[in-house]
Q: 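What follows is a single structure, and I will ask about it in a moment.
These numbers come from a predicted model, not from an experiment. Chain naming here is simple, since letters A, B, ... match the order of the sequence lines and numbering starts at 1 in each.
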There are 2 protein chains.
Amino acid sequence: MDTIRKPPTMADVARRTGVSPMTVSRAFKRDSSVSQETREAVLRAAEELGYVFDSTASNLRSQRTDFIAVTIPSINNANFADTVRALSDGVSERGLQILLGYTNYDVAEEERLIEQLLRRKPEAIVVTGGKHTPRARKLLSNAGIPVIETWDLPEEPIGHVVGFSNALAVREMVDHFVSVGYRKIAFIGGDADRDTRGTDRRAGFIAALVHHGLDTSRLIAAGPPPISMREGADAMRQLLERFPDTEAVICVSDLSAFGALTECQRRGIAVPDRIAIAGFGDYEIGAICVPSLTTINAFASEIGAKTAELILDVLNGKLDQPGRVTIRPDLILRQTSR
Amino acid sequence: MDTIRKPPTMADVARRTGVSPMTVSRAFKRDSSVSQETREAVLRAAEELGYVFDSTASNLRSQRTDFIAVTIPSINNANFADTVRALSDGVSERGLQILLGYTNYDVAEEERLIEQLLRRKPEAIVVTGGKHTPRARKLLSNAGIPVIETWDLPEEPIGHVVGFSNALAVREMVDHFVSVGYRKIAFIGGDADRDTRGTDRRAGFIAALVHHGLDTSRLIAAGPPPISMREGADAMRQLLERFPDTEAVICVSDLSAFGALTECQRRGIAVPDRIAIAGFGDYEIGAICVPSLTTINAFASEIGAKTAELILDVLNGKLDQPGRVTIRPDLILRQTSR
DNA sequence: ACTTGGATTGATATCGATAACATGGATGCA
DNA sequence: TGCATCCATGTTATCGATATCAATCCAAGT
C-alpha cells in the first residue's frame with residue numbers, strides 16, 4: 001500500500017467537510033464571510049487530511065503573491081539587516097512576506113536580481129540605493145507596482161523614496177570636526193565605482209573640506225566593498241604611512257572605523273589624542289567598544305519601518321503621489337573624537 | 001489614451017513573433033530545444049513588448065517554484081548570514097532562490113513560519129537547529145520535500161542534517177582551558193528555554209566541568225536571545241560582582257565575548273592575565289579586536305555550502321538516504337586566553 | 001527509395017484556488 | 001404582510017504557463 005498519493009487539495013477538504021471548495025477557500029481567509037462553525041469544521045478537516053494551502057494556485061488566480069521584493073547590497077551588513085527586519089515586521093501584520101535578494105554591491109547583479117524578483121510578481125519592490133542600470137530603471141518603472149528606493153535621496157527617483165543624503169551626513173561630521181579644531185582630516189572608503197553610498201559619503205567629505213578650504217588629498221581607497229573591519233585596519237595602516245600627521249579620519253562605516261581603531265591600538269597610537277576617528281551607521285559595536293566610536297546614526301530601522309508604512313499606505317490606496325520620506329541622520333559624538 | 005492595458009503574456013509574445021505560446025515558453029528556458037534564431041526572435045519580441053515572465057503561472061502548472069525555504073533565528077546574526085549566503089550562492093547556479101524567514105529564537109514563531117513557507121511550495125526547506133514544536137516536526141515530515149536541519153546534531157533528525165555538536169565544541173574549549181591551568185571557569189549565555197544552541201553549549205560546558213571535577217555554579221544568564229555585545233558586557237559586570245575570583249569565562253558567542261572584553265577594559269581588568277575570555281563562532285570582530293579573541297570556528301559558510309550541495313544532490317536524485325554532514329568545529333586560540 | 005531518428009514546433013488539457021455572479025434563507029422595518 | 005437587506009454558501013469560468021502527446025521536416029544510413 002505504498003502508493004504515492006497526491007497531496008490533498010481544497011476539493012478534498014471540501015468533500016470531507018461536506019461543503020463546496022469555495023467555502024473552504026473562504027474559511028482559509030481572514031475576514032471572509034463564513035460561519036464560525038463551518039470554518040472550524042473546514043479547518044479540522046484540513047488538519048486531519050494534512051492539507052497544506054497551495055499559494056501557487058492562489059497567487060495565479062488572485063493575481064496577488066503577498067510578496068514584497070527587497071534588494072540589499074549584502075546580507076551580512078547589520079545596517080541593512082536592521083532595515084529589512086523593521087520592514088518585515090511592519091508589513092507582516094498585513095500578511096506580506098519579504099522576498100530578499102542581495103546584489104553584492106554590483107549594479108549589473110542588481111539588474112539581474114530585479115528581473116528575477118519581478119518575475120515572482122511582488123506587490124511592491126524595495127531597492128537599496130538610487131543608482132541603477134538603465135535597464136533596471138526601465139524594469140522598475142514598467143513593473144506596475146510601487147517602487148521604493150531607500151538609503152539614498154536620488155535626484156531622479158523612480159517612484160517612492162525613504163532615505164537620506166549620505167553626502168550631507170558626512171558633511172556635517174566634517175563641519176563638526178573642523179569646529180573642534182581638526183584640520184588634517186582623512187577619509188577611508190571603498191572604490192568609487194562599486195559602493196555608491198560610500199562614494200556619496202566621500203563626495204560629501206570632499207565638498208566639506210573644499211568649503212572649509214582644507215586639503216582634500218587624504219583619501220584612502222580600501223578596495224571593493226564590503227569595507228569591513230579588516231579593510232579598515234589595512235586602510236589605517238596605509239593612512240599612517242602616507243599621511244602620518246593626520247589628525248582625524250572619517251570612515252565609510254563603523255566596521256571600518258573599528259578596524260582602524262584597532263590598528264591604532266596595535267601601534268600604540270592614542271585615540272583620540274593623536275588621531276580622532278569617526279564611523280558611519282551607529283552599529284552596536286560603536287557604542288560598546290573602548291574608546292566608544294563617534295559616528296552617524298542613519299536610523300536603519302526607521303528606514304525599514306517608514307518603508308513598511310509607505311507600502312501599506314500605497315497598497316491601501318491612501319497614497320497616490322510618490323512618497324518622499326527624508327530621514328535626518330544624527331551625529332553621535334563619543335570617545336574617539338574630541 | 002490612458003487606458004490601463006494588461007501586461008503582456010506569453011500569448012502576446014507568441015503572436016508578435018509568429019510562433020505558438022509553447023515555443024515562447026521553450027525560448028525562456030535554458031536547455032529546451034528551440035532553434036537559435038527562433039529564441040532570439042522571441043526574446044526580442046518579449047523585450048519590445050516589455051514582457052515579464054510570470055512565474056506564478058509557471059509555478060502552478062509545473063509544480064515547481066525553485067524556492068529553497070530557510071529559517072534562521074535572526075537576520076542580524078553574522079554567522080547565520082554567512083550560512084545563508086553560502087547556501088544561496090550554492091543553489092543559485094541551479095536557478096534556485098532562497099525564501100528566508102526568521103524565527104526570533106522562538107519555536108512557536110518557527111512553527112508559524114514553517115507553515116507559511118510550506119504554503120509557497122518550496123523544493124526543500126532548511127531549518128536552523130534541531131528543536132521544534134511537535135506540529136512543526138509533523139509539518140516538516142509530511143511536506144514531501146527534503147528537510148535539512150542545520151547548526152545542530154539532533155538526536156532524532158527529521159531528514160537530512162548538516163551541523164555539529166554545540167555541546168562538544170564548548171567541551172573542547174573547557175578541556176583546553178583546564179589543560180592550561182584555568183580552574184574557576186564561568187559561562188555567559190542566554191535563557192535556557194529560548195536559544196537552544198546556546199543551551200546546548202552551556203550543557204557542554206557543565207558536562208566538561210563535571211568531568212574535570214570543577215565547580216559548575218558560575219553561570220550567568222544574560223536574558224532572552226539574541227545575546228549580543230551589550231548583554232555580554234552586562235553579564236560580565238554581574239560575573240565580576242558575584243564571582244570576583246573567576247579565572248576564565250566562555251561566552252555563548254563572539255559578540256557577547258567582545259562585550260565582556262570591553263567591560264573588562266572599562267574596569268581596567270587585564271585580559272587574559274586577570275581573566276581569560278573565549279567566544280563562539282569566529283566572527284570577524286574576534287580576529288581583529290585588541291586583544292584578539294579566543295573562539296570556536298563553527299564554519300558557518302561551510303554549513304551553507306554543504307547544505308547547498310546536499311540539496312542539489314537530493315534534487316538530482318543522487319541521494320536517497322538521509323544525508324548527515326558533520327562539521328568539526330575548530331578551537332582558535334588567540335590573545336584573550338593563555 | 002525507404003526507414004530511422006533527431007531536431008523543431010504546435011495543439012490541447014491542466015495545475016488548484018478564487019473572482020464574479022447567483023441563490024436561498026433569515027432578518028429588519030414600514 | 002411585503003419588500004429590501006444581509007448573510008452564508010454554491011456555480012462557473014479563469015488566472016498564464018507548460019506537461020504531454022503529436023506532427024513536420026530534414027539528414028543520415030542501408
Side-chain angles (χ1 to χ4, degrees), chain A residues 4-43 45-46 49-67 95 116 118-123 144, chain B residues 4-43 45-46 49-67 95 116 118-123 144:
Chain A
I4 301 169
R5 53 183 168 190
K6 287 199 300 183
T9 70
M10 273 193 179
D12 298 316
V13 178
R15 229 180 331 268
R16 186 178 180 103
T17 320
V19 296
S20 74
M22 195 62 234
T23 299
V24 177
S25 173
R26 292 192 178 103
F28 270 89
K29 298 276 161 265
R30 284 274 163 81
D31 50 352
S32 50
S33 61
V34 211
S35 71
Q36 185 63 21
E37 57 180 348
T38 304
R39 167 170 281 133
E40 281 166 10
V42 167
L43 295 181
L49 284 173
Y51 169 73
V52 176
F53 183 93
D54 186 338
S55 56
T56 66
S58 172
N59 291 342
L60 174 59
R61 172 64 233 211
S62 68
Q63 300 287 58
R64 294 176 35 102
T65 59
D66 291 338
F67 274 138
Q116 285 293 320
L118 289 179
R119 290 176 162 213
R120 304 273 186 188
K121 305 292 172 186
E123 314 294 335
Chain B
I4 301 170
R5 53 182 168 189
K6 286 200 301 183
T9 69
M10 274 193 180
D12 298 314
V13 178
R15 228 179 332 269
R16 186 180 179 103
T17 319
V19 297
S20 74
M22 196 61 235
T23 299
V24 176
S25 172
R26 292 193 178 103
F28 271 88
K29 298 276 160 264
R30 284 276 161 81
D31 50 353
S32 50
S33 60
V34 210
S35 72
Q36 186 63 22
E37 57 180 349
T38 305
R39 167 170 280 132
E40 281 167 10
V42 167
L43 295 180
L49 284 173
Y51 168 73
V52 176
F53 183 92
D54 186 337
S55 57
T56 65
S58 173
N59 290 343
L60 175 59
R61 174 62 233 209
S62 68
Q63 300 286 62
R64 295 177 33 105
T65 59
D66 290 339
F67 274 137
Q116 285 292 320
L118 289 179
R119 289 175 162 212
R120 304 274 187 188
K121 304 291 171 186
E123 314 295 335

Q: Figure out the CE/P separation between A:Met22 and D:dT12, and round it to whole Å.
A: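 Going from A:Met22 (CE) to D:dT12 (P), I get 14 Å.
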Q: Taking the side chain of B:Arg61 as heavy atoms from C-beta outward, which of C:dA11, C:dA13, C:dT18 is closest to it?
A: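 From the listed options, C:dA13 comes nearest.
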Q: Under 4.0 Å, heavy atoms only, any strand: does B:Ser55 hit a base, just the sugar-phosphate, or nothing?
A: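 No contact.
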Q: Ignoring backbone atoms, test whether A:Tyr51 places a side-chain nitrogen or oxygen under 4.0 Å from the OP1 or OP2 oxygen of C:dG16.
A: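 Indeed not, no polar side-chain atom of A:Tyr51 lies that close.
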Q: Nearest whole angstrom, please: distance from the P of C:dT18 to the CZ of A:Arg30.
A: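 Taking CZ of A:Arg30 and P of C:dT18, I get 14 Å after rounding.
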Q: Counting only side-chain N and O atoms of B:Ser58, is one of them less than 4.0 Å from OP1 or OP2 of D:dT18?
A: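 The answer is yes; a side-chain N or O of B:Ser58 sits under 4.0 Å from OP1 or OP2.
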Q: With nearest nucleotide decided by heavy atoms, which residue, B:Arg39 or B:Ser62, maps closer to the 5′ end of DNA chain C?
A: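 Its nucleotide being nearer the 5' end, the pick is B:Arg39.
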Q: Within the 4.0 Å heavy-atom criterion, would you say B:Met10 contacts the bases, only the backbone, or no part of the nucleic acid?
A: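 Sugar-phosphate contact only - B:Met10 comes under 4.0 Å of backbone atoms but never of a base.
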Q: Check every strand shown and say whether B:Thr56 touches a base, only sugar-phosphate, or nothing at a heavy-atom separation below 4.0 Å.
A: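 The residue B:Thr56 makes no contact with any strand.
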Q: Do any side-chain nitrogens or oxygens of A:Ser35 fall under 4.0 Å of OP1 or OP2 in D:dT9?
A: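 Result: yes.
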Q: Would you mind classifying the nucleic acid contact of A:Ser33 as base, sugar-phosphate or nothing, using non-hydrogen atoms under 4.0 angstrom?
A: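 Base: the residue A:Ser33, judged by heavy atoms under 4.0 Å, touches a nucleobase.
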Q: How close or far is atom C1' of C:dA17 from atom CZ of B:Arg120, stated in whole angstroms?
A: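 It works out to 14 Å between those atoms.
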Q: By the 4.0 Å heavy-atom rule, please label A:Phe28 as base, sugar-phosphate, or nothing.
A: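 Nothing, no nucleic acid heavy atom in range.
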Q: I want to check something: taking the side chain as every heavy atom from C-beta on, are A:Asn59 and A:Arg64 in contact at a cut-off of under 4.5 Å?
A: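 SC-SC contact between A:Asn59 and A:Arg64 ruled out.
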Q: Once you round it to whole Å, what is the distance between C1' of C:dA19 and CD of A:Gln63?
A: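 Atom-to-atom, A:Gln63 to C:dA19, this comes out as 11 Å.
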Q: Select one nucleotide: of D:dG16, C:dA11, D:dT9, the one nearest the side-chain heavy atoms of B:Thr9.
A: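 Shortest atom-to-atom distance from the side chain points to D:dG16.
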Q: Roughly how far, to the nearest 0.5 Å, is NZ of B:Lys121 from CZ of B:Phe67?
A: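 Here the rounded value is 13.5 Å.
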Q: Any chance you could measure B:Ser62, atom OG, to B:Lys29, atom NZ, to the nearest 0.5 Å?
A: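 With rounding to 0.5 Å, OG (B:Ser62) is 7.5 Å from NZ (B:Lys29).
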Q: Can you tell me which nucleotide in C:dA20, C:dA13, C:dG16 comes closest to the side chain of A:Arg26?
A: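 The answer is C:dA20.
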Q: Need one value for A:Lys29: base, sugar-phosphate or nothing, where a base atom within 4.0 Å counts as base even if backbone is also close, heavy atoms only.
A: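 If one applies the 4.0 Å heavy-atom cut-off, A:Lys29 turns out to touch the sugar-phosphate alone, with no base involved.
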Q: In whole Å, what is the span from the CG atom of B:Asp54 to the P atom of D:dA17?
A: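 Answer to the nearest Å: 5 Å.
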Q: I need the NZ-P distance between A:Lys6 and C:dA17, as an integer number of Å.
A: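 Computing the A:Lys6:NZ to C:dA17:P distance gives 11 Å.
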Q: Atom CG of B:Asn59 and atom P of D:dC15: how far apart are they, to the nearest Å?
A: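 Taking CG of B:Asn59 and P of D:dC15, I get 18 Å after rounding.
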Q: Would you mind telling me which of D:dT9, C:dG10, C:dT9 lies closest to the side-chain atoms of B:Val19?
A: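 The listed nucleotide nearest to B:Val19's side chain is C:dG10.
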Q: Map A:Val34 and B:Val24 onto DNA chain D by nearest heavy atom, then report which one ends up closer to the 5' terminus.
A: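 Counting from the 5' end, the first nearest nucleotide belongs to A:Val34.
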Q: Using a 4.5 Å cut-off on heavy atoms from C-beta on, say whether the side chain of A:Asp66 contacts that of B:Arg120.
A: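 A side-chain contact under 4.5 Å exists here.
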Q: Please state how far atom CZ in B:Arg64 lies from atom P in D:dA19, giving the value in whole angstrom units.
A: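 Distance check: B:Arg64 CZ to D:dA19 P gives 9 Å.
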Q: If only side-chain N and O atoms of B:Ser20 are considered, is one of them under 4.0 Å from the OP1 or OP2 phosphate oxygen of C:dG10?
A: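 Affirmative; the distance criterion is met.
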Q: Please determine if B:Arg119 forms a cation-pi arrangement with A:Phe53, meaning its NZ or CZ atom is less than 6.0 Å from the six-membered ring centre and no more than 45° off the ring axis.
A: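 That pair qualifies as a cation-pi contact.
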Q: Mind checking the OG-CE spacing from A:Ser25 to A:Met10? Nearest 0.5 Å is all I need.
A: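 So the gap between those two atoms works out to 4.5 Å.
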